[in-house]
Structure formats: structure tokens, C-alpha cells
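Okay, structure first, notes after.
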Amino acid sequence: MTVNGRALAAAATHGVINPATEEVFAQAPIATREQLDEAVAAARAAQPAWAARPWAERQAALGALAKLYMENQEELAQLLTREQGRPLPKARREIEASAYWYAEYARMSIPPHVLQDTPTALVEARRVPIGVVGAIVPWNFPLVLAAFKIAPALLAGNTMVLKPSPFTPLTTLRLGELMRPLLPPGVLNVINGDDDLGPWITEHPGIDKVSFTGSTATGRRVMQSASVNLKRLTLELGGNDAAIVMPDVDVEEVAKEVFVGAFNNSGQICIAAKRLFVHEAIYDRFAAAFVALAKAARMGPGDQEGIDYGPIQNRPQYDRMVHMLDDCKRNGYKLLVGGELPKGPGLFFPLTVVENPPADALMLREEPFGPLRALMQFKDVDEVVARANASEYGLASSVWCKDDKLALSIAARLQTGTVWINEIQTVSPHKPLGGHKQSGIGVENGQEGLLEYTLPQTISMKRMA
């Protein structure tokens with residue numbers, strides 16, 4: 001672990017499993033409560049001096065971190081594939097995306113807003129750092145989702161205690177080691193632990209803000225425990241995104257794009273298209289193209305050549321997906337492809353498409369965080385908008401339509417924080433990403449995401465004659 005710019009060992013460790021083999025290949029440290037206290041104390045001690053540095057120096061530090069990622073891309077990607085399961089080319093792309101986030105945030109600033117400047121008065125609205133941020137990152141995209149938090153938090157003048165998922169801690173811990181020479185001691189502390197560490201962070205009185213990415217159920221618990229000292233919160237939670245395909249599209253081309261948006265990272269992504277609504281006029285053609293893509297996809301260990309999709313990352317999530325698949329089979333839902341679990345080692349779950357499950361199906365009510373997707377027909381716009389909005393989640397959605405005016409009118413009626421039109425998962429450091437309903441609180445990315453790591457301060461001065 002990395003605390004106060006130095007290596008910190010732990011007396012206890014836990015095994016890290018390669019999900020493609022289900023074998024333990026490494027041990028990761030388990031932080032104690034006292035070690036968390038040490039990390040928080042280091043962050044609190046470092047924060048005033050870090051905030052006092054000129055904005056340009058903090059920008060330069062982010063630029064140096066971007067370069068660090070690319071200089072160590074292959075080592076990090078190899079390690080990421082082993083612990084996360086993603087095919088190696090896609091692991092390399094996550095390193096590149098993380099570097100891009102730092103580089104782009106290094107160009108951002110928050111200029112003060114002068115409300116009044118006269119011979120008698122000056123009124124200025126400005127933003128100041130919050131203090132110490134506790135960042136809790138999930139296992140599906142451990143590096144880029146950490147970058148979503150580290151880059152804006154540090155740029156704004158905060159310090160951080162970062163906790164990776166215990167399922168995928170190794171690449172993040174390694175980055176903590178590599179970053180030590182580039183940041184002042186205590187600015188970024190990286191610790192790992194078991195199920196106790198997250199609650200210790202969210203309730204810790206020395207942490208001023210929690211930025212959490214994970215499930216809605218866990219997000220509710222984070223919100224409750226963070227109330228002990230009115231911590232500021234950014235919660236990026238679950239999603240059950242709808243994709244709406246209108247009848248005027250190029251069916252085969254859109255099927256390819258929606259397929260990628262549905263099964264990216266073996267479906268383990270909060271902004272994946274999980275409920276696919278296709279107009280009845282093109283449904284049969286779309287379904288045939290979609291199923292053909294699923295049958296042609298190659299699933300296997302991420303370190304093998306030509307693999308498109310890796311395993312489910314961990315056993316608890318695999319078991320949840322098996323439970324959801326069993327529910328489909330038990331209720332007699334039609335499976336267009338997939339559904340048969342392979343024998344042998346590895347947490348491999350086949351790309352599976354369920355045709356027209358009923359509205360009360362488990363996979364429509366809850367988030368299928370894996371490669372299980374519902375393909376459904378619809379007749380008209382009012383119907384599909386109502387069905388798309390009939391979810392407790394509201395993270396993102398997509399509309400596929402050649403008629404720009406119609407597409408925009410549909411998008412305006414969808415109850416999600418992001419609506420993509422004729423594209424999907426085009427996430428950017430410059431585009432705010434936040435959820436409606438039970439999909440979260442606050443925003444990540446963009447100028448709005450940077451402001452999440454600041455507090456407003458108004459300076460009002462009466463000029464003395």
C-alpha cells in the first residue's frame with residue numbers, strides 16, 4: 001500500500017483470483033483501522049500545502065501522471081488482465097483512457113465569477129477544495145473509474161485516500177507505488193482491505209467527501225454512514241439502460257453498435273444497454289443480426305489471442321448472473337442464443353439474449369451486470385418511452401433513429417442522466433455523467449464533475465475610501 005509517500009505493509013493478506021482460471025495468483029494487503037487512520041492523517045496533513053500550490057503546478061502533476069500510465073502501459077495491462085479478466089487489447093485501452101483523463105483534466109480550470117466590481121464593492125464567487133476525499137472504486141473498470149475521481153479531486157486541491165475493490169486491487173496498488181515520486185507525500189494514499197474497509201472510510205470523521213462507484217444497494221449504505229459528519233457525496237450507481245431502435249435505421253449497422261454497447265466488458269458496465277427495444281417493423285431482421293454477432297463472438301481467457309470477451313470478474317457476481325439466468329429458464333422465457341454454462345475452470349458466462357421477457361421479469365427489474373440481455377419488440381413511441389422509463393434506475397439510455405427531430409423528442413422524454421443518439425458509451429472527460437432516480441447523486445466528468453470536488457465561497461468586500 002502507499003501511505004504518506006511510502007510503502008506500507010499489512011500483517012494480513014487475502015488472495016487475488018484470476019477469474020479465467022479461478023486460481024489465486026497473488027496476495028493483497030488487508031489494511032487495519034489504524035492504517036486507515038494513518039492514511040487519513042497523512043492526507044489531512046498534506047492538503048493545505050497541496051491546495052496552496054498554484055493551479056498550474058497541479059495541472060502539471062496530472063500531466064506527469066498521464067505520462068506515467070503510458071510509460072508503464074504493458075506492465076499495467078498484463079496485471080489488469082490477470083486480475084480483471086478483460087482481453088489484453090482492451091486492458092491496454094483502459095490504460096490509454098486513464099492517461100487521457102489525466103491529460104484532459106490537466107487543461108481544465110475554475111475561474112472565479114465576478115458578480116460585482118465597482119469603485120465601492122467587489123463581489124466574487126469562487127470555488128475552494130473540500131479537503132480529504134475518500135474514493136471507493138469498483139472492479140469492472142478499476143483504473144479509468146479511479147481516474148474519474150483522482151484527476152478532478154487532486155486538480156481542485158484536495159488530497160485522497162483511494163480504496164480499490166478487493167477483487168481487483170493489484171493494478172491500483174502498483175500505480176500507487178509508481179506515483180510516489182510524482183506527488184508530495186500524503187496527497188494520494190492507496191490502501192486495500194476486506195469488507196470492513198469501505199464502511200470505515202465512509203464513516204471516518206477525517207474524510208470530508210466520499211466518491212463511490214458501485215451498486216445502488218451499497219450506495220444507500222454509503223449515504224447513511226456518511227451522514228456522521230455531513231460528508232459531501234458523489235454516488236455513481238447502478239443502471240438498467242434502455243436502447244430504443246426506430247424502424248428507419250440501417251438494421252445491420254445499428255445491430256453491430258448496439259451489440260457492442262450491450263456486451264462491452266462482458267456486460268459488466270453500468271452504462272451498458274441492458275433492455276433493448278426494437279420496433280416491430282425491423283425486429284426480426286435486427287434479432288437475426290444481433291444473434292449472429294453473439295454466436296460469432298469468442299469468449300475465453302484474456303491473455304489468449306483473438307478473444308473478444310472474458311469471464312465474469314468474481315464468484316459472487318457470477319452466482320448472481322446464474323440466479324438470473326435460472327429465473328429466465330424457470331419461467332420459460334425464450335432464449336435466442338446462449339444460456340448454457342460451459343464446463344471447466346473459469347467464471348465464463350455465455351452471451352445470452354432473452355426474447356420479450358414480461359415486464360415483471362427479474363432481469364428487467366434488477367440490473368443484469370453481466371452478458372444477459374433482453375431483446376423486446378415495441379409498436380409506437382409512447383409505448384416504448386413508458387416501458388423504458390419503467391425502472392428504478394436512470395443512468396443512461398440510447399436512441400437509434402435517422403430522423404433527428406424525432407430522436408431528440410424521444411430523448412427529451414427519457415428519465416436518464418445521459419441519452420446517446422446514434423452512439424453509445426461515448427464517455428469523455430468533458431461530458432458530465434450522472435444518474436437520475438436510483439442511479440446516483442452528483443456528477444462525474446466535465447466541468448460539473450470538477451466542481452463536485454469543490455465548495456462554493458463568496459467573497460463580498462466593501463471598498464474602504
With sequence neighbours left out, write down each residue that passes side chain to side chain donor-acceptor pair (under 3.5 Å) with Asn422, or none if nothing qualifies. none
Value for CD (Glu104) from CG (Asn445), rounded to nearest 0.5 Å, stands at 11.5 Å
Distance check, rounded to the nearest 0.5 Å: Thr2 atom OG1 versus Leu183 atom CG? 10.5 Å
Pairs in or reaching into residues 139-154: which pass side-chain hydrogen bond (donor to acceptor under 3.5 Å, both in side chains), with residues at least two apart or in two chains? Lys149-Ser211, Lys149-Thr213, Lys149-Glu444
Does the side-chain hydrogen bond (donor to acceptor under 3.5 Å, both in side chains) test come out yes or no for Arg221 and Thr218, once each step is laid out? CA-CA 5 Å; Arg221 294 195 293 272; Thr218 306; 3.2 Å; yes
Does this structure show an ion pair linking Arg92 with Glu74, if we count only N-O contacts that are shorter than 4.0 Å? yes
Quick one: is the NZ or CZ of Arg86 closer than 6.0 Å to the six-membered ring centre of Phe141, and within 45° of its axis? yes
Sole candidate of Gln438, Arg320, Lys274 that passes side chain to side chain donor-acceptor pair (under 3.5 Å) when paired with Glu367: Lys274
Donor-acceptor pair, side chain of Arg373 and main chain of Phe263, under 3.5 angstrom: no
Testing Ile207, Val133, Val190 for side-chain contact (heavy atoms from CB on, under 4.5 Å) with Met160, which one passes? Val133
Starting at CZ of Arg58, measure out to OH of Tyr105 and round the result to the nearest 0.5 Å. 14.5 Å
Do Glu257 side-chain atoms and Val254 backbone N/O form a donor-acceptor pair below 3.5 Å? no
Using the side chain to side chain donor-acceptor pair (under 3.5 Å) definition, which of the options Lys231, Arg44, Arg232, Gln47 pairs with Asp208? Arg44
Please check: side-chain N/O of Asp327 versus main-chain N/O of Ala361, any donor-acceptor pairing under 3.5 Å? no
Taking Phe212 as the fixed residue, which of Ile201, Leu235, Thr202 is the one that meets the side-chain contact (heavy atoms from CB on, under 4.5 Å) rule? Leu235
Within the side chain of Asp241, is there an N or O that forms a donor-acceptor pair under 3.5 Å with the backbone of Ser398? no
So for atom CD, which belongs to Gln224, do other residues, nucleotides or ligands contribute more than 12 heavy atoms lying within a distance under 6.0 Å? no
Start with the C-alpha distance between Gln27 and His14, add both sets of side-chain angles, then the distance that settles side-chain hydrogen bond (donor to acceptor under 3.5 Å, both in side chains), and finish with yes or no. CA-CA 5 Å; Gln27 294 291 320; His14 68 83; over 6 Å; no
Taking the side chain from Asn264 and the backbone from Val260, do they hold a donor-acceptor pair closer than 3.5 Å? no
Donor-acceptor pair, distance only, cut-off 3.5 Å: does the side chain of Asn189 make one with the backbone of Gly186? yes
Got a donor-acceptor contact below 3.5 angstrom from the Gln268 side chain to the Gln313 backbone? yes
Whether the Asn158 and Trp50 side chains hold a donor-acceptor pair (N or O, under 3.5 Å, no angle test) is what I'd like checked. no
Identify whether the distance between the nearest side-chain nitrogen and carboxylate oxygen of Arg33 and Glu203 falls below 4.0 Å. yes
Is it the case that the side chain of Asp308 and the backbone of Ala297 share a donor-acceptor pair, with hydrogens and angles ignored and the cut-off at 3.5 Å? no
Examine Lys90 relative to Tyr309 and say whether NZ or CZ is less than 6.0 Å from the centre of the six-membered ring and inside a 45° cone about the ring axis. yes
Derivation of the side-chain contact (heavy atoms from CB on, under 4.5 Å) call for Gln457 and Thr454: CA-CA 9 Å; Gln457 183 183 64; Thr454 67; over 6 Å; no
Decide side-chain hydrogen bond (donor to acceptor under 3.5 Å, both in side chains) for Asn229 and His204; before the verdict, give the C-alpha distance in whole Å, the side-chain angles of both, and the deciding distance to 0.1 Å. CA-CA 8 Å; Asn229 65 339; His204 199 290; over 6 Å; no
NZ (Lys295) with more than 12 external heavy atoms under 6.0 Å: no
Between the side chain of Trp420 and the main-chain N/O of Val399, is any donor-acceptor distance below 3.5 Å? no
Taking CD in Glu340 as the centre, count heavy atoms belonging to other residues, nucleotides or ligands within less than 6.0 Å. Is the count above 12? no
Flag the pair Glu96 and Arg93 as a salt bridge only when some basic side-chain nitrogen lies within less than 4.0 angstrom of an acidic carboxylate oxygen. no
Gap between atom CZ of Arg180 and atom CG of Asn4 - 0.5 Å precision: 11.0 Å
Before you tell me yes or no, could you show the steps for Ser109 and Trp55 under side-chain hydrogen bond (donor to acceptor under 3.5 Å, both in side chains), namely the whole-Å CA-CA distance, both residues' side-chain angles and the distance that decides it to 0.1 Å? CA-CA 8 Å; Ser109 62; Trp55 192 274; 5.1 Å; no
Do any N or O atoms from the side chain of Ser227 and from the backbone of Leu230 form a donor-acceptor pair under 3.5 angstrom? no
Would one find more than 12 heavy atoms of other residues, nucleotides or ligands at under 6.0 Å from atom NE2 of His430? yes
Salt bridge (charged side-chain N to carboxylate O under 4.0 Å, His left out) involving Arg126 - partner list, sequence neighbours excluded: none
cation_pi(Lys437, Tyr393) dist<6.0 Å, angle<=45: no
